Protein chains: 2
Amino acid sequence: MPETVATKTAVSKLEAKLKDSGARLTAPRRVIARVLGEAADHPDVEELHRRAQAIDPGISLATVYRTMRLFEQLGIVERHAFSAGRARYEHGGEEHHDHFVDVKSGEVIEFHAPEIEALQAEVAARHGYRILDHRLVIYVERIEPSDKKR
Amino acid sequence: MPETVATKTAVSKLEAKLKDSGARLTAPRRVIARVLGEAADHPDVEELHRRAQAIDPGISLATVYRTMRLFEQLGIVERHAFSAGRARYEHGGEEHHDHFVDVKSGEVIEFHAPEIEALQAEVAARHGYRILDHRLVIYVERIEPSDKKR
DNA sequence: GTGGATGCAAATAATTTGCAGCGCG
DNA sequence: CGCGCTGCAAATTATTTGCATCCAC
């Protein structure tokens, strides 16, 4: 799937959600949505601001913060706190996934594990709970072919 | 196991870890360790400071911050970011557990799930990683006996 | 004794907000 | 053509740090 299509889809989905919530589809929001749609990583607000400004230099940091808060409430993005410091975002909406954080490189890798999620639901039920959402972050290091433990 | 014993154990463990790292066992650190040992919940820095001051009013907020950073590095506590805002802490060292967060009450409940952890290790290995640590937070709501979905 | 630890206050970092003007619906 | 949205700057919140003093080793 070409980027343009993915982006277009993301924007229409955005349009629908904004309309539903009564919020307006403004130029800054379009730009930020596009930036999010094109992001393959998990950028923080500063980075989103940088990328948004590359498209429209008039966009302020405050607007990026406000927009991320709105998008999070609308379920358009997910906020993560992988480490201390700035929060990082990714466009949600697609199928759920969790994250590996490579401790050495700082890299964040997405992965799917339906088996784990099934177990979670089971454990939650055992405790009398229904799952609304979850966050699983696994801090890892790469296993080298010739690795002797550490 | 009575609280006094648990607390005493925690303090001796603390003493050992501080000695190993070359850090000093000062009065504020003793107090904060005791507060952590007696905590059944997951207090934030302000709350720890409040409790520490109840024992020794001279203890400053800065020292609580510095001590929590030290304790985290020594593996004495775990830092959590259950929600935005202040970080929350718990005394680590015991067997690992994860957390339910009751979205309605804000309550944090600990749970064990070795099955889930086994699966995590398997999934990580599948991706070429070795697990160093992990964080699983499940946001839940209580299932009422007569509950019709929402 | 002496270097690490503390308290205090001031400094940073991360995020939010008040307000006047602008533009989407 | 009004009310929500924006930019800017100032305000808040969370955490860190410089410095003089203090005390654990």
Side-chain angles (χ1 to χ4, degrees), chain A residues 11-12 14-35 42-50 52-74 76-89, chain B residues 11-12 14-35 42-50 52-74 76-89:
Chain A
V11 171
S12 356
L14 169 73
E15 229 161 311
K17 293 216 180 188
L18 283 184
K19 185 157 294 182
D20 287 352
S21 73
R24 291 179 184 171
L25 183 58
T26 63
R29 288 179 182 168
R30 260 181 221 280
V31 171
I32 294 170
R34 174 178 154 197
V35 166
H42 303 73
D44 62 29
V45 216
E46 299 271 359
E47 182 57 31
L48 288 170
H49 184 221
R50 215 170 294 129
Q53 286 203 318
I55 299 171
D56 175 354
I59 293 175
S60 77
L61 183 58
T63 291
V64 178
Y65 271 108
R66 280 188 279 236
T67 302
M68 295 318 288
R69 206 188 337 169
L70 172 68
F71 283 9
E72 197 194 357
Q73 285 164 356
L74 297 185
I76 295 170
V77 299
E78 269 182 39
R79 185 207 299 256
H80 292 283
F82 294 126
S83 54
R86 280 192 277 276
R88 296 171 62 175
Y89 295 87
Chain B
V11 171
S12 356
L14 169 73
E15 229 161 309
K17 293 216 181 188
L18 283 185
K19 185 156 295 184
D20 286 353
S21 74
R24 291 178 184 173
L25 184 57
T26 62
R29 288 180 183 168
R30 261 182 220 278
V31 170
I32 294 170
R34 175 179 152 196
V35 166
H42 302 74
D44 61 29
V45 219
E46 298 271 358
E47 181 58 30
L48 289 169
H49 184 222
R50 218 170 291 128
Q53 285 202 318
I55 299 171
D56 175 353
I59 292 174
S60 76
L61 182 58
T63 292
V64 178
Y65 270 108
R66 279 188 280 235
T67 302
M68 296 318 288
R69 204 188 338 166
L70 172 67
F71 283 9
E72 197 195 356
Q73 285 165 355
L74 298 184
I76 295 169
V77 299
E78 268 182 40
R79 186 206 298 255
H80 292 283
F82 294 125
S83 54
R86 280 192 277 277
R88 296 172 62 174
Y89 295 87

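Because only heavy atoms are used, hydrogens play no part in the values below, and waters and symmetry mates are left out as well, while side chains stay in. These numbers were taken from a predicted model, which means no experiment stands behind them.
Residues Ala52(A) and Ile32(A) come closest through the heavy atom pair CB-CG1, 4.4 Å. Pairing each heavy atom of Pro28(B) with each of Ile59(B), the nearest pair is CA-CD1, 4.0 Å. Taking each heavy atom of Arg30(A) and Leu25(A) in turn, the nearest pair found is NH2-CD2, 3.4 Å. Across all their heavy atoms, Leu74(A) and Ser21(A) have their closest contact at CD2-CB, 3.6 Å.
Proximity of Glu78(B) to Tyr89(B): side-chain heavy atoms (C-beta onward) are nowhere separated by under 4.5 Å. Arg66(A) is listed as a side-chain neighbour of Thr63(A), based on a closest heavy-atom distance under 4.5 Å.
Of the charged side-chain nitrogens involved, none lies within less than 4.0 Å of a carboxylate oxygen, so that Arg69(B) and Glu72(B) do not count as a salt-bridged pair.
Checking dC5(D), dT17(C), dT6(C) against every side-chain atom of Arg29(A), the shortest atom distance belongs to dC5(D).
Computed from coordinates, the Arg69(B) CZ to dA14(D) C1' distance equals 13 Å when rounded to whole Å.
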All N/O pairs under 3.5 Å across the protein-nucleotides 11-14 of chain C interface:
from    : atom 1 : to       : atom 2 : distance (Å)
dA14(C) : OP2    : Arg86(A) : NH1    : 2.6

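Among the heavy atoms of the strands, none lies under 4.0 Å from Gly22(A).
By the side chain to side chain donor-acceptor pair (under 3.5 Å) test, Gln73(B) is found to be paired with no residue, residues two or more places apart in sequence or in another chain being considered.
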One character per nucleotide, please: for nucleotides 18-25 of chain C, 5' to 3', B when the base has a protein heavy atom closer than 4.0 Å, S when only the sugar-phosphate does, - otherwise. B----BBS

